[in-house]
Structures are given as C-alpha cells and as structure tokens.
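So the structure is just underneath, and the comments pick up after that.
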Amino acid sequence: MTYASAAGSKGGAQGLMKSKNSKPEEIRKSNIQAAKALSDAVRTSLGPRGMDKMIQDAKGEVTITNDGATILNQMNVVHPAAKMLVELSKAQDIEAGDGTTSVVVMAGSLLDAADKLLQKGIHPTTISESFQRAAVKSAEILTAMAIPLDLSDRESLLKAANTSLCSKVVSQNSAELSPIAVDAVMKIIDPARENNVNLKDIKIIKKLGGTVDDTELVDGIVFEQKAANINGPKKCEKAKIGFIQFCVSPPKTDMDNQVVVSDYSAMDRVLREERAYILNIVKQIKKAGCNVLLIQKSILRDALSDLATHFFDKMKIMVIKDIEREDVEFLCKTLCCRPIASLDHFTSENLVGAEMVEEIQTGSSKCVKITGMATPGKTCSIIIRGSNKLMLEEADRSLHDALCVIRCLVKKRFLIAGGGAPETEISRELMLYANGLTGADAYCFKAFAEALEIIPYTLAENAGLNPIGTVTELRNKHAQGEKTAGINVRKGAITNILEENVVQPLLVSTSAITLASETVRSILKIDDIVNTIRG
C-alpha cells in the first residue's frame, strides 16, 4: 500500500491541502473572468469598423463614444480586478493617448492565455516571469521593424493622425482635423530640441453650431466669453492689451458689515465717492494707452461694475471679464504678458501689443479672438464646432487622440504599420523564438504569441470578415516575409498596409504591450482578496 493511497484512505491530509490550494485558484479564476468580461465589452469598438457605445450616467446625461478610456471611465465597475483594467486604459491614455481599446483587449486575451496555462498546472509566478520576458522581446521586435521618421515629413504625420481618426465617429472629417492636429503640435514645439509636447499649450474651445468641418486652428488665443461692453468697441486693431487681477468695482469691507444711510446727502456722497473711485481707475488704465482690458474672475465681488462698463464704453476700451484662474498661465504664455495685480503697476511697459482683437459670432454665441501678437508665445487655440453636444464631445475626444498620436511621434520618432500587421509579426517571431526555449518558458511564450493575434482577429470580426480565415491568411503572408501585410478593412482583404497609408506610432504599440503584460502579471500574482470593510 503506497503512502499516497494510505493518506487518501485516511482522507485527512490530502483534503486539507486541497482546500488550502483551491481558494487561490478560485480567486484567480474569478479575477480573470471579471477582467475578461470587461475586455469583451469594449472589444466590439476596436478598429475603423468598430461600433460605438452609448453611455447613460446617473443624471441621465448621454455620451456616445468608441474611445476605450472614456467607455471604461464612465462604467460603474465594482469588481477590484476589473477596476485594474480601467486603470490600465487610463495609463495608456496618459502614456500614448491612443490605443486605449487595444490595450484592454490585449490584456483580456493574455489573461485567457494565462488561464489555459494555469489549467495545465504551470505555476502563476512562472507564467508571470515568462510574460515579462515575452513583453520585452516583443518591444525589441517592434523596434526592429519600425520606420524612422523625420518631423519635417508632414505627409507621414498626417497619415498617422488620419489612422487614429478613422476609427472615430468623426472619421469622415479626418481630412480637416488631421492637418489641424499636426499644425497645432508643430507650432508649439521646436522639433530640433524638444522631445515632448505639453498638450496644455493647445487650448480647445467647444462651440455649438455649424459642423465639424468648421473647426479651425487659431494662431493666437480665443476666449469663450463675449466682450463685456454694451455699447463699446467690438473690434480693435493695433491693440494694447492689459491683463489685470484687481477689480474695477467699489471696494467691499473685509467682514460682513452693514452701512446704514439715513439721509439723501449721505447717499449722494456714497455714490459720488464710488463714481470718483471707479473713474480714477478707468482714467489710469486709459492713460497707460490700454485699449483692450482682460480681467481675471473674482470670487469675492464683481470684477466689473455697471458703472465701470459705462466708463469703458465712453473711453472706447474693449473689456473681457471673468477669465478663469486656470487659464491665466496659458494666457500669459500666449501673449507674453504679466498679470498686473494692482493699479500702481498699470503702466504702458506692462502692456502687450496685438494686431487684432475682435468679437466673432460662432453659432448662437459669441467669443473674442486675439491674433497677431507682437511677441507670439508657443501656444495655439482650436475652436471645435459641432451640430449637437454629443458630436461636439466626441470631436473633442477624437482630436485629443490625434494630438496624442503626433505627441507620440515627437517623443519616439518611429512609425510602424497598422491593421494588425505588427501584432501578427510579433506573434510569428515569438513562436520561432519559443522553439529554441525549453521547459515551461516555451509554453508561456507560445501562449503569449497566440494571445497577441486577438488584435487582427477582432479587426476582422468587427469588419464583418471571416476572422479565422483572415488571420490564417495574414499569418501565411507574414511567414512568406511580408512584414507589413495587414487587414485592409476598406477592401476586406489582406494587403500591404503601408501602401494604404495606415500607420501608427511605435510608442502606442510598445506601451500597449508593456502595460497590458504588467497588468496581467499583477492579476496573476493575486491569490486572495481581503475585505477590510467592517459591517
């Protein structure tokens, strides 16, 4: 009688170990299933033929989008492992800005592969370490097949922006939006010296009315407010602009005091003092030669009283009030001006010049545009137009993705083919590499390679092609050495995707694979969930 059967006949020790091991297995299974369910939810919105999602929040607000990060952000996710995928898409959004859906789909597929390996009895730590090595190897393969890019090559930049936009709702407007995205980024950087882009230097203003075609890039600054003047000037050439942080209105006491006025003469005196006080401020502003005044928003009192508006109208000074605190930095950078905090410092040397300040009509509302700065800063503004709120929001998100794609190319100046070509190539190379490995590593590498094929598979499925047939043909083309063969969604066939101008930045793909494998590793390493919420 062997020892194992003896232990089994006692029924004690083996049962104890089994129950000890089964809980981590169940937890892992639950985590993997929750994360896979989330990745399947966004899978249908991948690629140019991907579907859009309509999301309704608690207030009844509706959002229509196919941007992975937005969908997951708006979802009410409860499971802690699924929340990790939401964080993953946020991380990809910050790092690359595009590929937020791909990264979640990839993570779901890697988890599926890991689940199969776990069922074979391979230890989670072994799988985790192999996946890490496979991700590093994938990044090397991608870098080897990338095409170097020069930022002066405008055509390639436009192709990359077009590829990003073609999977969005506004894909039919990509011809107008791509040049705007490229020009905006190229305006705010010096390609020779800089290798990062601060997208806060591009101010995006959304205005209802018109269509997405009417979106324009403004070489200057646009305020969402209209001019505060009632009868004053609405257009000012050769403007001298002053930006103040004090209020042109009667002063208030620090505490909540009440002033009781008992007779008319005292009342008159109060009004006279107020008039004299405001007139003094207005005269000093006029004396400095200012004809356009920008006033920061004030919390404690009105930044501009009616009386002050009346005086400014008479003096022919254009006034724009309620400039938000967070816009101050952008404004100062654009106009190259300093905010003036007190009346004593309001002198002509603190003013800045601009060719034109005018109030323009955008749809049903008006806004003020300043162009032709004497010393232009490295910033620009984009006015996005849309026929309804949903379209406007989606155009904003799509343009942000396009800007992020150009930013990726500034950070890492390499392009790779799109259309599932890089994933198929990595899959093929990893399979060949795995043949030279021994032990569990070979299994894990092969599973990682197969899992990456989810991207071309989903692209084909969403385009209404036969996914298995398409991926098999794609694999065959890559085996014959056609590294840039990808799924051409427009023609429904496998073609050289570079000729179709479907390109994407290297950074989007490398960061997607790295981040997805990191998330999968951390989910695999969890073997228990401990709740610290006391009932």
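Any value given below was found using the heavy atoms of this structure, including those in side chains, with hydrogens, waters and symmetry copies removed. On a predicted model such as this, the values are computed, not experimentally measured, just so you know.
With contacts defined as side-chain heavy-atom distances shorter than 4.5 Å, the pair Cys367/Ile360 qualifies. Annotation: side chain of Gln172 is not in contact with side chain of Val212 (no heavy-atom distance under 4.5 Å). Between Phe448 and Arg133, the closest side-chain pair of non-hydrogen atoms is not below 4.5 Å. Looking at heavy atoms from C-beta onward, Thr63 lies out of side-chain contact with Glu393 at the 4.5 angstrom threshold. The side-chain heavy atoms of Met84 and Ile526, taken from C-beta on, include a pair separated by under 4.5 Å. Side-chain contact between Arg407 and Asn196: present, with at least one pair of heavy atoms (C-beta onward) separated by less than 4.5 Å. Taking 4.5 Å as the limit, some side-chain heavy atom of Ile202 sits within range of a side-chain heavy atom of Ile382. Between Met431 and Glu450, some side-chain heavy-atom pair lies under the 4.5 Å cut-off.
No hydrogens or angles considered: a donor-acceptor pair under 3.5 Å links the side chains of Gln504 and Ser509. Between the side chains of Gln92 and Ser511, at least one donor N or O lies within less than 3.5 Å of an accepting N or O. Using modelled atom types and a 3.5 Å distance limit, the side chains of Thr100 and Asp93 yield no donor-acceptor pair.
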Test salt bridge (charged side-chain N to carboxylate O under 4.0 Å, His left out) on Glu26 and Lys23; report intermediate values, then the result.
CA-CA 5 Å; Glu26 280 166 22; Lys23 191 184 178 191; over 6 Å; no

So Arg397 and Asp67, salt bridge (charged side-chain N to carboxylate O under 4.0 Å, His left out) or not? Walk me through it.
CA-CA 8 Å; Arg397 279 190 290 271; Asp67 179 42; 5.2 Å; no

Run Ser138 and Leu430 through side chain to side chain contact (heavy atoms under 4.5 Å, CB included) and show every step you take.
CA-CA 7 Å; Ser138 304; Leu430 279 181; 3.6 Å; yes

Could you walk me through whether Glu329 and Lys200 pass the salt bridge (charged side-chain N to carboxylate O under 4.0 Å, His left out) check?
CA-CA 10 Å; Glu329 189 187 341; Lys200 284 183 180 164; over 6 Å; no

Report the C-alpha distance between Met75 and Leu72 in whole Å, list the side-chain angles of each, state the deciding distance to 0.1 Å, and finish with yes or no for side chain to side chain contact (heavy atoms under 4.5 Å, CB included).
CA-CA 5 Å; Met75 270 187 189; Leu72 293 177; 4.1 Å; yes

Report the C-alpha separation of Ile189 and Lys378 in whole Å, then their side-chain angles, then the decisive distance to 0.1 Å, and conclude whether the side chain to side chain contact (heavy atoms under 4.5 Å, CB included) test is met.
CA-CA 7 Å; Ile189 60 154; Lys378 280 200 169 289; over 6 Å; no

Ile454 and Arg43: CA distance, side-chain angles, deciding distance, side chain to side chain contact (heavy atoms under 4.5 Å, CB included) verdict
CA-CA 10 Å; Ile454 188 78; Arg43 222 182 95 179; 3.8 Å; yes

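Around the CD1 atom of Ile147, the shell of radius 6.0 Å holds more than 12 heavy atoms that belong to other residues, nucleotides or ligands. In Tyr443, the OH atom is not crowded: 12 or fewer heavy atoms of neighbouring residues, nucleotides or ligands sit closer than 6.0 Å. In Arg154, the CZ atom is crowded: over 12 heavy atoms of neighbouring residues, nucleotides or ligands sit closer than 6.0 Å. Residue Gln119 places its CD atom among more than 12 non-hydrogen atoms of other residues, nucleotides or ligands, all under 6.0 Å distant.
Not a single donor-acceptor pair under 3.5 Å links the side chain of Glu358 to the backbone N or O of Ile370. Panel note: side chain Thr163, backbone Val502; no donor-acceptor pair is recorded below 3.5 Å. Formation of a donor-acceptor pair under 3.5 Å by the Lys412 side chain with backbone atoms of Val508 is not found in this model. The main-chain N or O of Thr514 is found under 3.5 Å from a side-chain atom of Ser517 such that the two form a donor-acceptor pair. Without hydrogens or angle criteria, Asn462 side chain to Thr44 main chain gives a donor-acceptor distance under 3.5 Å. Side-chain N or O atoms of His79 include none that pairs as donor or acceptor with a backbone N or O of Ala35 at under 3.5 Å. Between the side chain of Ser381 and the main chain of Gly220, a donor-acceptor pair closer than 3.5 Å is present. Using modelled atom types, no side-chain atom of Lys226 and backbone atom of Val368 make a donor-acceptor pair closer than 3.5 Å. When atom types are taken as modelled, the side chain of Ser167 and the backbone of Pro48 share no donor-acceptor pair closer than 3.5 angstrom. Counting only distance, with no hydrogens or angles, the side chain of Ser128 and the backbone of Pro124 share no donor-acceptor pair below 3.5 Å.
Here the closest heavy-atom approach between residue Gly386 and residue Leu392 is recorded as N-CD1, 3.3 Å. Residues Leu465 and Ile487 share a closest heavy-atom pair of CD1-CG2, 4.0 Å. Ala113 and Ala447 get closest at one heavy-atom pair: CB-O, 3.8 Å. Across Gly97 and Cys404, no two heavy atoms sit closer than the pair CA-CB, 3.5 Å. Residues Asn501 and Lys159 come closest through the heavy atom pair OD1-CE, 3.3 Å. Across Val405 and Ala161, no two heavy atoms sit closer than the pair CG1-N, 4.3 Å.
Separation of atoms CG (Leu524) and CD1 (Ile127) is listed at 6.0 Å; rounding is to 0.5 Å. To the nearest 0.5 angstrom, Leu507 atom CG is 5.5 Å from Glu95 atom CD. Rounded to the nearest 0.5 angstrom, Thr101 OG1 and Ile71 CD1 are separated by 6.0 Å. Rounding to the nearest 0.5 Å places CG of Leu38 at 5.5 Å from CG of Leu85. For the atom pair OG of Ser171 and CG of Asn173, the computed distance is 8.0 Å after rounding to the nearest 0.5 Å. Between Leu177 atom CG and Ser164 atom OG the span is 10.5 Å, to the nearest 0.5 Å.
Comment: Lys389 engages Glu61 in a salt bridge, judged by a side-chain N to carboxylate O separation of less than 4.0 angstrom.
Lys137 forms a cation-pi arrangement with Tyr433, by the criterion of a distance under 6.0 Å to the ring centre and an angle within 45° of the ring axis.
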